[in-house]
Amino acid sequence: MAPALAGTVVNVALTNMAGPMMGRRNGMVAGAMRMATDRGSAASGTVSFLATNAGTISHELVVLPLQGNQAPGSRQVRGDGTIDEAGSVGEASSTCAEGTGQGILPGASGWVTRTLPPGRYELLCNLPGHYAAGMYTQFTVS
């Protein structure tokens, strides 16, 4: 259970299709995974992301700014199936806890609270192959 979280709370659902996901990029089928939020924007200030893993494998949530006209899902995927996290403003990847860890286990939640300035952000899972499989979404702070 997450404690009372500060600021605007954004619920993030982390999901994947059951079964093996062999396919086009880094062993994953594009679109085989999803990240969905209960709101697409928040006012600048304190924002808490509560990531709940409704899938069957571990996932995580990384918050990265989007630059200029950069589109969500357009980051370069490296050979190991991950993207560069330089510039990350926060991460929820600890089962039943805040901050970084080894991933959020199925059925569990993790969270991160940050003070965010206005801008566009990409919420994503950066476990190997997950980003390429469609596990990202845009979030706007105004």
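Counting only distance, with no hydrogens or angles, the side chain of Arg114 and the backbone of Val63 share no donor-acceptor pair below 3.5 Å.
No side-chain heavy atom of Pro128 sits under 4.5 Å from any side-chain heavy atom of Asp80. Counting heavy atoms from C-beta outward, Trp111 and Pro3 have side chains that approach closer than 4.5 Å. Annotation: side chain of Val47 is in contact with side chain of Val10 (closest heavy-atom distance under 4.5 Å). When side chains are defined from C-beta on, Asn126 counts as touching Ile83, because their heavy atoms get closer than 4.5 Å. You'll find the side chain of Pro117 stays beyond 4.5 Å of the side chain of Ser44, heavy atoms only. Between Arg75 and Glu122 the shortest side-chain heavy-atom distance falls below 4.5 Å. When side chains are defined from C-beta on, Thr137 does not count as touching Arg34, because their heavy atoms never get closer than 4.5 Å. Counting only heavy atoms from C-beta outward, the side chains of Thr37 and Leu123 approach each other to under 4.5 Å.
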Please lay out, stage by stage, how Tyr121 and Leu66 fare under the test side chain to side chain contact (heavy atoms under 4.5 Å, CB included).
CA-CA 5 Å; Tyr121 296 86; Leu66 285 166; 5.9 Å; no
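In the model, Thr56 has a side-chain atom that pairs as donor or acceptor with a side-chain atom of Asn16 under 3.5 Å. Defined by atom type and a distance below 3.5 Å, a donor-acceptor pair is missing between the side-chain atoms of Thr140 and Ser41.
Rounding to the nearest 0.5 angstrom, the gap separating the CD atom in Glu60 from the CE atom in Met35 is 8.0 Å.
Taking the six-membered ring where the residue is Trp, Phe139 and Phe49 present perpendicular rings, their angle passing 60° and hence far from 30°.
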